[in-house]
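For reference, the structure is listed below as structure tokens.
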Amino acid sequence: MKKSSPLAWWTWSLAVLFLFYEFFVRVFPSIMVKDLMAAFSVTAGTLGTLSAFFFYAYAPMQIPVGLLMDRFGARRLLTFAALFCGIGSFLFGTALHLAAAEFGRFLMGIGSAFAFVGMVYVCSHWFPPKKLALLVGIGNSVGMLGAVGAEGPLSFAVESFGWRWTVNAFGFIGIVLALILFLFIRK
């Protein structure tokens, strides 16, 4: 029977932190509707398509994510996933044309696809089976707080600093998170 070490809890916490971050990234467009429509001179329908580019990548990636996680492990894949979210955020935040913003959202979707599965992988490999359901439930709840709690802080940041600065700040957070994941998650 596996015992839970402090390193296991640290690893789980980092995976949950990435899941929390991923939900912030997921809801970006819903907070910045007017700003995005003005920046790209688009209608609400086109903005919906821009937002959907996240899910165009996220949904099909759910199929290979588990296989990739078993093959390469949480350290590599969560690191690359956070990098994709960070780089995607930078592309989205600096985009002058709709196509560049769509590509940024697509990259965010690819990276985000690994968040939940990565957290479940960490739970199943670092903890005894009897703790799996509890840790996955807590991790998922904390992650979803990112979506629920994102509206207030993101709205404040967008109003105070502008949508581009806010998105770029999350790009920076994604890069830093990738570095932390790489340095502290072990096999």
Side-chain ([X]) to main-chain ([Y]) donor-acceptor, under 3.5 angstrom:
X	Y	answer
Arg186	Ala8	no
Arg71	Gly66	no
Ser124	Tyr121	yes
Ser89	Cys85	yes

Indicate whether the side chain of Thr46 and that of Thr43 have a donor and an acceptor atom separated by less than 3.5 Å. yes
Considering only heavy atoms from C-beta outward, does the side chain of [X] approach that of [Y] to under 4.5 Å?
X	Y	value
Val120	Met69	no
Phe92	Leu107	no
Phe182	Leu83	no
Asn168	Thr94	yes
Phe84	Met108	no

Which atom names give the shortest non-hydrogen contact between Val142 and Phe20, and what distance separates them? O-CD1, 3.2 Å
Write down the atom of Cys123, the atom of Leu135, and the distance for their closest heavy-atom approach.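 Shortest heavy-atom contact: SG-CB, 3.6 Å.
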Can the ring centres of Phe172 and Trp165 be said to be less than 6.0 Å apart?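 No; Trp165 has its ring centre 6.0 Å or more from that of Phe172.
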Taking the ring centre of each residue, are Phe53 and Tyr56 less than 6.0 Å apart? yes
For Phe55, does the CZ atom have more than 12 heavy-atom neighbours from other residues, nucleotides or ligands under 6.0 Å away? yes
Any chance CD of Gln62 has more than 12 other-residue heavy atoms, nucleotides or ligands included, within less than 6.0 Å?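 Enclosed: over 12 neighbouring heavy atoms sit under 6.0 Å from CD of Gln62.
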Rounded distance [0.5 Å steps], [atom1] in [X] versus [atom2] in [Y]:
X	Y	atom1	atom2	answer
Leu19	Leu78	CG	CG	10.0 Å
Ser112	Arg105	OG	CZ	8.0 Å
Leu96	Arg164	CG	CZ	5.5 Å

Could you walk me through whether Val27 and Leu154 pass side chain to side chain contact (heavy atoms under 4.5 Å, CB included), step by step? CA-CA 9 Å; Val27 300; Leu154 282 177; 4.1 Å; yes
